[in-house]
Amino acid sequence: MASSATLSLLLLSLTLLSLNLCTLTQASNLILTVVNNCPFTIWPAIQPNSGNDVLEKGGFALHTLTHKSFPAPPQHWSGRIWARTGCTYHNGHFSCATGDCGGRLECDGLGGATPATLAQFTLHHGHKDFSSYAVSLVDGFNLPMTVTPHEGQGTCPVVGCRANLLATCPERLQVRCPAVHGPVVACKSGCEAFNTDEVCCRNHYNSPQTCKESVYSLFFKHACPATFTYAHDSPSLMHECSSPRELKVIFCH
């Protein structure tokens with residue numbers, strides 16, 4: 001017959017195993033949903049950070065007023081999501097007016113061309129299974145986008161940019177397609193438009209003390225205060241939500 005000490009150790013082991021399985025189940029239940037509320041087809045793209053898994057082959061088409069849900073990795077994952085617009089097949093070649101990832105439908109880990117609105121994520125980190133998320137206009141803007149968490153605990157606000165900045169984009173930041181006389185399809189960052197160390201926060205300006213807002217980043221900030229708009233914008237804009245059930249990326253509102 002087992003001793004009371006042995007039984008106690010066995011019960012403790014079973015309890016710890018149960019807790020670990022519970023934590024793993026909770027972590028693996030996180031769903032990512034991409035919603036297209038735009039009145040046209042978009043082509044969402046997903047790029048993992050180095051060493052992380054490619055999700056959904058890195059890109060897909062999403063018709064107007066539809067959505068796509070898929071499970072997040074059960075372990076730590078970080079990366080970004082954006083939308084490509086104006087994509088076409090021509091003579092067997094796939095290309096997009098904004099956000100293009102090397103002429104591929106499935107980006108398979110490749111990044112996108114700027115300017116594009118970005119959602120940034122770090123999932124399953126910290127002692128409370130945090131999911132951190134933010135929307136960035138540091139690389140410019142091509143579509144309104146928000147991130148909405150569901151059923152999380154702690155700091156879980158809806159963040160992003162609901163405004164359509166294509167209608168108000170300053171002329172020197174405008175991207176048109178076709179060029180010159182076509183409609184505005186994206187709005188460049190000041191860095192992309194002017195490429196100076198000061199505006200791009202490079203070299204001497206690459207620190208929180210020397211990297212400052214510019215008139216161009218302030219254009220984005222005034223319209224969309226809950227977004228990153230320059231390289232050393234406030235770190236508090238990256239929110240930590242504990243164990244959300246779903247993170248929903250919504251394009252257009």
Checklist entry - Do T64 side-chain atoms and C38 backbone N/O form a donor-acceptor pair below 3.5 Å? => result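 Here the side-chain-to-backbone pair exists.
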Next on the checklist: So does L105 get a backbone contact from the side chain of R84, meaning a donor-acceptor N/O pair under 3.5 Å?
Outcome noted: yes
Over 12 non-hydrogen atoms of neighbours within 6.0 angstrom of [atom1] in [X]:
X	atom1	result
E213	CD	yes
H232	NE2	yes
H63	NE2	no

Checklist entry - If you measure from CG on N29 to CD on E151, what distance do you get to the nearest 0.5 Å? => result 10.0 Å
Checklist entry - Are V158 and F220 joined in one hydrophobic group, where the rule is that I, L, V, M, F, W and Y side chains link up if heavy atoms are under 4.5 Å apart? => result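 Per the 4.5 Å side-chain linkage, V158 and F220 are not co-clustered.
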Item to check | Criterion side-chain contact (heavy atoms from CB on, under 4.5 Å) on D108 and K57, from CA distance to verdict | outcome: CA-CA 5 Å; D108 196 25; K57 299 181 180 179; 5.8 Å; no
Checklist entry - Any idea how H76 and H125 line up, ring-wise: parallel (<30°), tilted (30 to 60°), or perpendicular (>60°)? => result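 Aromatic pair H76/H125 classed perpendicular.
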Checklist entry - Parallel, tilted or perpendicular: which fits the ring planes of F94 and Y89, with parallel below 30° and perpendicular above 60°? => result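 The arrangement is tilted - the two ring planes meet at 30° to 60°.
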Item to check | Carboxylate-amine/guanidinium contact E240 K128, below 4.0 Å | outcome: no
Next on the checklist: Applying side-chain contact (heavy atoms from CB on, under 4.5 Å) to L143 and C252, what does each step give before you reach the verdict?
Outcome noted: CA-CA 7 Å; L143 281 179; C252 303; 4.1 Å; yes
Counting C-beta onward and ignoring hydrogens, is there a side-chain heavy-atom pair between [X] and [Y] closer than 4.5 Å?
X	Y	answer
H239	P157	yes
V159	Y133	yes
C187	L173	yes
L30	H124	yes
F228	M238	yes
V147	K248	no
L32	V34	no

Item to check | Q174: which of R176, R172, E171 passes side-chain hydrogen bond (donor to acceptor under 3.5 Å, both in side chains) | outcome: R176
Checklist outcome for this item: In short, P71 meets I31 closest at the heavy-atom pair CA-CD1, 4.0 Å
Next on the checklist: Ring centroids only, cut at 6.0 angstrom: are Y216 and Y230 within range, meaning strictly under it?
Outcome noted: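 No, the ring centres sit 6.0 Å or more apart.
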Next on the checklist: Using the rule given for salt bridge (charged side-chain N to carboxylate O under 4.0 Å, His left out), can you reason through K188 versus D139, listing the C-alpha separation, both sets of side-chain angles and the distance that settles it, and then say yes or no?
Outcome noted: CA-CA 7 Å; K188 298 178 186 177; D139 290 331; over 6 Å; no
Next on the checklist: Quiz question: by atom type and distance under 3.5 Å, do the side chains of S78 and N49 form a donor-acceptor pair?
Outcome noted: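 Yes - a donor-acceptor pair under 3.5 Å links their side chains.
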Item to check | Y205 six-ring face occupied by K212 cation (under 6.0 Å, within 45°) | outcome: no
